[in-house]
Amino acid sequence: QVQLVESGGGLVQVGGSLRLSCEVSGRTLSSYAMGWFRQAPGKEREFIAGLRWSGDWTYYADFVKGRFTISRDKAETTVYLQMNSLKPEDTAVYFCAAGNVPRGYGVPRSDSDYDYWGQGTQVTVSS
């Protein structure tokens with residue numbers, strides 16, 4: 001059984017940084033796409049960034065370009081989301097997800113394309 005466990009969330013001031021981690025266990029997901037999503041209170045879940053383990057695909061939502069960076073470790077067990085220059089509107093629960101989509105599909109941005117989800121980690125940015 002695949003498990004995704006996020007960590008690294010917390011309370012940070014405006015302009016600060018956090019690094020989220022998503023640890024994968026249960027099976028190898030080398031053929032999967034990995035994505036980070038977030039959901040703020042009263043809002044729909046939205047795509048933030050994603051990659052393929054092979055490293056040949058990464059994709060960012062426009063609102064995080066230049067501030068957030070997605071990466072993975074070589075062991076293909078952990079995906080990271082480095083978040084800099086945080087804003088109050090970045091406050092949300094952050095989720096990682098894994099999707100079994102063909103490699104040529106790149107990085108899907110719809111949450112319906114993802115098969116496994118973590119429990120989420122809260123990020124709060126105070127002004």
Side-chain angles (χ1 to χ4, degrees):
Q1 175 138 1
V2 174
Q3 284 192 318
L4 306 178
V5 179
E6 302 96 338
S7 62
L11 175 65
V12 64
Q13 291 186 332
V14 169
S17 298
L18 283 175
R19 188 193 197 200
L20 305 183
S21 299
C22 172
E23 186 172 353
V24 178
S25 63
R27 59 171 290 186
T28 300
L29 299 182
S30 56
S31 63
Y32 281 53
M34 299 296 297
W36 282 98
F37 290 76
R38 70 186 185 187
Q39 187 167 22
K43 295 187 177 181
E44 293 187 351
R45 187 162 54 188
E46 60 182 356
F47 173 85
I48 302 170
L51 56 69
R52 305 296 303 230
W53 288 108
S54 59
D56 53 354
W57 287 92
T58 57
Y59 192 88
Y60 294 91
D62 287 343
F63 59 84
V64 300
K65 284 182 180 177
R67 298 192 300 128
F68 292 9
T69 303
I70 189 171
S71 62
R72 84 271 189 256
D73 68 345
K74 293 183 179 180
E76 297 184 355
T77 60
T78 308
V79 178
Y80 304 97
L81 185 68
Q82 177 67 43
M83 306 187 296
N84 299 326
S85 302
L86 284 163
K87 306 174 182 180
E89 52 264 43
D90 293 319
T91 295
V93 178
Y94 284 68
F95 300 89
C96 73
N100 187 15
V101 295
R103 184 172 174 177
Y105 194 70
V107 177
R109 275 84 78 184
S110 171
D111 57 4
S112 63
D113 288 320
Y114 289 83
D115 306 289
Y116 302 102
W117 292 84
Q119 81 290 349
T121 185
Q122 176 70 46
V123 171
T124 303
V125 183
S126 64
S127 57

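In this chain, residues are counted from 1 in sequence order.
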Verify same cluster id: Val24, Leu81 (apolar side-chain graph, 4.5 Å): yes
Gln119 atom CD, neighbour heavy-atom count above 12 within 6.0 Å: yes
Test salt bridge (charged side-chain N to carboxylate O under 4.0 Å, His left out) applied to Lys65 and Asp62, step by step: CA-CA 5 Å; Lys65 284 182 180 177; Asp62 287 343; 3.2 Å; yes
side-chain hydrogen bond (donor to acceptor under 3.5 Å, both in side chains) pairs, two or more places apart, involving residues 8-33: Ser17-Asn84
Distance in Å, Leu11 CG paired with Thr124 OG1, rounded so as to fall on 0.5 Å steps: 6.0 Å
Side-chain heavy atoms of Phe95 within contact of Gln39, under 4.5 Å: yes
Side chain to side chain, Thr91 and Leu86, heavy atoms closer than 4.5 Å: no
Distance in Å, Thr78 OG1 paired with Met34 CE, rounded so as to fall on 0.5 Å steps: 9.5 Å
Qualifying disulfide (SG to SG under 2.5 Å) pairs with a residue from residues 20-112, counting only residues at least two apart or across chains: Cys22-Cys96
Heavy-atom pair with the smallest gap, counting every atom of Pro108 and Tyr114: O-OH, 2.6 Å
Which atom of Ala33 lies closest to which atom of Val101, heavy atoms considered: CB-CG2, 4.0 Å
Arg67 CZ to Ile48 CD1 distance, which is reported to the nearest 0.5 Å: 9.5 Å
Cluster check Tyr116, Val107: I/L/V/M/F/W/Y, side chain < 4.5 angstrom: no
Pairwise side-chain contact, Val93 with Thr121, heavy-atom cut-off 4.5 Å (strictly under): no
Salt bridge (Lys or Arg N to Asp or Glu O under 4.0 Å) partners for Asp111, two or more places apart: Arg45
Test item: Glu6 side-chain N/O and Gly120 main-chain N/O as donor-acceptor pair under 3.5 Å: yes
Point-to-point distance, once rounded to the nearest 0.5 Å, from CG of Leu20 to CD1 of Ile70: 10.5 Å
Value rounded to 0.5 Å, distance of CD in Glu46 from CH2 in Trp36: 14.5 Å
Pair listing, ring pair (Phe, Tyr, Trp, His ring centres under 6.0 Å) test, anchored in residues 38-94, at least two apart: Phe37-Phe47
Residue pairs involving residues 37-72 (criterion disulfide (SG to SG under 2.5 Å); sequence neighbours excluded): none
Check: Asp115 side chain, Asn100 main-chain N or O, donor-acceptor pair, under 3.5 Å: yes
Nearest-0.5 Å distance, CG of residue Leu4 to CG of residue Leu29: 7.0 Å
Close side-chain approach of Leu18 to Gln82, heavy-atom, < 4.5 Å: no
For Asp56, side-chain contact (heavy atoms from CB on, under 4.5 Å) partners two or more places apart: Arg52, Ser54, Arg103
